[in-house]
Amino acid sequence: MKEPEVNLKTAIEHGLNEEEYLKIIEILGRTPTYTELGIFSVMWSEHCSYKNSIALIKTLPRKGERILVQAGEENAGLIDIGDGLAVAFKIESHNHPSAIEPYQGAATGVGGILRDIFTMGARPIAVLNSLRFGNLQNPKVKYLFKNVVKGISDYGNCFGVPTIAGEIYFEDCYTENPIVNVMAVGIVEQDHIMKAVAKGEGSSVMIVGSSTGRDGIHGATFASQELNEDSENKRPSVQVGDPFTEKLLLEATLEAIKSGHLIGVQDMGAAGISCSTSEMSARGNSGMIINLEKVPTREKDMSSYEIMLSESQERMLYIIKKGKEKEIFDILKKWDLNGSIIGEVDGTEYLKVYYNGKLEAEIPAKALVLGYGAPVYQRETKIPEYIYQIRNFDFNILPQPKDYEDILIKLISSPNICSKKWVFSQYDSMVGTNTIPLNISDAGIVRIKGTNKALVLKTDGNGRYTYLNPLKGGEITVAESARNVVCQGGIPLAITNCLNFGNPYDPEIYWQFSEAIKGIKNACNVLNTPVTGGNVSFYNESLNYSVFPTPVIGMLGLIENLDFITEQRFLNESDSIILIGSNPENISGSEYLKIITDKLLGDAPIIDLYEEKVVQKVVQELIRMKLINSAHDVSDGGIAISLVECCISGNIGCKVNIEFINRLDYAIFNENQSKIIITCSKNNQDTITNFLSLFNINFKIIGSVGGNYLEINDKIKIDIKHLEKLYQDSLENLLGE
């Protein structure tokens with residue numbers, strides 16, 4: 001089959017611009033072949049090169065005493081947790097594929113992030129997710145939602161990794177472009193950490209796993225474009241997953257790594273063979289000779305272009321020490337997997353691709369790769385006009401509620417607040433027997449076998465906050481995820497991030513992105529949670545909607561002693577309830593404001609990072625002194641909803657009195673940050689208040705645990721069983737299940 005002529009028009013059709021096309025000609029000293037153009041187009045796509053984001057991402061704090069590899073250097077972040085162990089963790093997006101083919105889009109998102117973990121020698125022990133959809137009353141949204149959940153659950157359950165935590169939000173802006181972010185976490189002995197590097201002239205290059213097909217070709221390019229009316233025709237750009245093959249790949253790869261016969265390992269995710277060969281060569285200051293006729297294919301007459309760009313799933317690239325090929329083949333045979341030597345490492349620093357003896361591509365490997373030769377841009381910024389409009393709203397004109405109980409019922413029934421048990425019950429959260437089950441919790445906990453430690457893990461993000469104020473939205477996302485870790489008894493160690501935004505060429509979108517990066521940076525610096533890596537997903541727009549700027553943080557925390565594990569549920573009759581942190585009466589960005597006005601108004605909730613740091617520190621200390629019985633942060637829905645969740649999970653009521661200056665509704669429904677509700681026995685109350693008095697921090701004893709009702713001031717008194725039914729059943733009612 002005759003290949004198309006390569007010219008500027010062809011390059012533009014591949015998602016490149018004129019400047020980039022001319023740069024390719026300059027690098028090669030000639031016009032690229034069609035295969036070379038395809039390789040450059042996927043490697044220089046936003047999805048692979050981060051060309052519009054890397055300059056800002058590099059401003060994030062990326063160093064820390066526990067960090068073992070710097071962000072971007074390897075497939076995932078790596079954190080030292082002592083005892084000769086490390087944690088590999090990372091979060092990534094699969095938004096566009098999930099909008100077009102929700103089941104496979106979500107499933108392959110899980111598969112891809114799991115491979116990033118076990119290529120480093122780590123056994124995956126947990127998966128988390130962060131999901132955003134439109135209004136569930138829309139049939140298309142309901143279809144997307146159900147199939148994304150099924151894709152995540154089927155792949156994770158079949159592979160055998162527990163999904164232990166996550167978050168789900170619903171806003172109209174995600175109607176056509178859902179956000180599907182998946183985080184994976186694994187444990188590795190530090191002696192068996194594997195890097196994604198190719199070196200050692202003459203070392204064999206082996207492709208392992210599934211055969212290569214035409215599925216997923218230009219998947220990376222597809223992920224770097226806005227969704228439009230033609231997107232439905234790009235279903236071939238969505239890969240198809242096989243979790244059973246992935247499970248075999250996991251076991252074979254871990255065994256091969258422990259054998260000591262491998263130099264490097266990388267999975268084939270975005271851009272397939274193009275990505276793994278060029279990135280591993282660049283890291284090792286080496287080159288590769290690849291013979292495509294040796295790549296196992298499952299479709300006839302595949303061209304070199306198609307083989308290099310295919311994103312068929314469950315494939316790995318091994319770099320094998322010279323002379324140790326048989327030992328690796330024996331391991332693959334044991335696990336019933338295919339492997340094929342497709343080339344070797346050389347010292348030229350060029351990626352040379354042959355097909356049946358014909359040289360189809362010869363490219364300097366580093367010219368293709370993020371952080372080396374791929375283009376880097378910093379786009380124009382402009383403050384959006386809507387920012388000025390929403391900030392001018394006068395909150396004094398809002399009427400005070402006539403029925404506080406009705407407001408609370410609407411909040412607890414909101415799809416953004418109510419129980420997501422319909423979703424989480426489809427996930428196997430206990431496979432592996434390491435998960436520590438909690439009844440409604442701030443974060444997921446998984447024990448580390450052979451130690452008295454556990455990891456506490458959380459994904460957090462609120463696009464509404466970031467839309468209202470990108471800087472504060474970025475700060476809040478980090479602060480809340482850390483606060484959730486602290487409330488479970490952990491110490492926040494580091495983050496991975498997934499940054500979901502619109503078109504970076506739009507100055508208003510790029511302003512949102514740059515401000516959110518500043519916010520994440522501010523919070524990470526104050527809370528000492530460096531960034532280990534992550535993912536940027538731009539072009540999250542469709543014909544009718546532009547999504548909220550949605551940074552999602554995956555937080556890793558360590559529980560140093562299992563005795564420190566703390567739950568949010570109220571435990572004992574007569575326990576004192578203490579609110580730690582200030583409580584300004586400001587309802588900007590709150591679910592309460594959205595319910596009563598159906599509008600986005602004002603600013604993001606209030607956050608003071610230094611108050612946040614002190615609040616988290618004192619709660620950490622109280623937990624370690626074993627003085628408190630429960631801890632729960634205040635977030636969506638405010639103090640009122642946090643109290644409901646504590647009561648429901650503990651199956652016991654409470655009676656509280658919340659002080660206010662002007663309006664009770666603004667005091668109990670605001671979502672201003674840096675607040676934690678704790679409980680303690682009466683015997684420990686004075687010790688705790690004396691301890692808190694040592695710090696420049698606000699706190700107040702607001703009530704006590706007991707009875708069958710949630711009582712707030714003289715405005716709310718609702719039976720806990722009634723609240724629990726509303727909380728547990730609302731999502732199923734919306735889905736008609």
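As the structure is a prediction and not an experimental result, all values here were calculated from the model.
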(message) For a 4.5 angstrom cut-off between non-hydrogen side-chain atoms, does I179 reach N181?
(response) yes
(request) Side-chain contact test, heavy atoms from C-beta onward, threshold under 4.5 Å: evaluate it for I290 versus Y354 and give yes or no. (result) no
(message) Could you tell me if the side chain of E36 sits less than 4.5 Å from the side chain of L28, heavy atoms only?
(response) yes
(request) Begin with the C-alpha distance, continue with both residues' side-chain angles, and end with the deciding distance and a verdict on side chain to side chain contact (heavy atoms under 4.5 Å, CB included) for S53 and F538. (result) CA-CA 9 Å; S53 59; F538 279 137; 3.9 Å; yes
(message) Between S93 and N500, is there a side-chain heavy-atom distance shorter than 4.5 Å?
(response) yes
(message) My understanding is that only one of T277, I273, I289 makes a side-chain contact (heavy atoms from CB on, under 4.5 Å) with L351; could you say which?
(response) T277
(message) Do V485 and I491 make a side-chain contact, defined as non-hydrogen atoms from C-beta onward lying under 4.5 Å apart?
(response) no
(request) Answer yes or no: is there an ion pair linking D80 with R66, defined by an N-O contact shorter than 4.0 Å? (result) no
(message) Any salt bridge linking D330 with K334? Criterion: basic side-chain nitrogen under 4.0 Å from a carboxylate oxygen.
(response) no
(message) Within the 4.5 Å heavy-atom criterion, are L78 and T532 side-chain neighbours or not?
(response) no
(message) Treating H96 as the side-chain partner and Y539 as the backbone partner, does any N or O pair qualify as donor plus acceptor under 3.5 Å?
(response) yes
(request) Kindly say whether P243 contributes a backbone atom to a donor-acceptor pair with the side chain of E246 at under 3.5 angstrom? (result) no
(message) Taking E362 first and then K352, would you say they form a salt bridge - that is, a charged N and a carboxylate O separated by under 4.0 Å?
(response) no
(request) For the pair D267 (side chain) and R115 (backbone), establish whether a donor and an acceptor sit closer than 3.5 Å, ignoring hydrogens and angles. (result) no
(message) Within the structure provided, determine whether N497 and L60 are in side-chain contact (heavy-atom separation under 4.5 Å).
(response) yes
(request) Could you tell me how the ring of F118 sits relative to the ring of F159: parallel (under 30°), tilted (30 to 60°) or perpendicular (over 60°)? (result) parallel
(request) Using a strict cut-off of less than 4.0 Å between a Lys/Arg side-chain nitrogen and an Asp/Glu carboxylate oxygen, indicate whether R123 and E251 qualify as a salt bridge. (result) yes
(request) May I ask you to say whether E46 pairs ionically with K51, meaning some side-chain N is under 4.0 Å from a carboxylate O? (result) no
(message) Distance alone, cut at 3.5 Å: any donor-acceptor contact between the side chains of N285 and E349?
(response) no
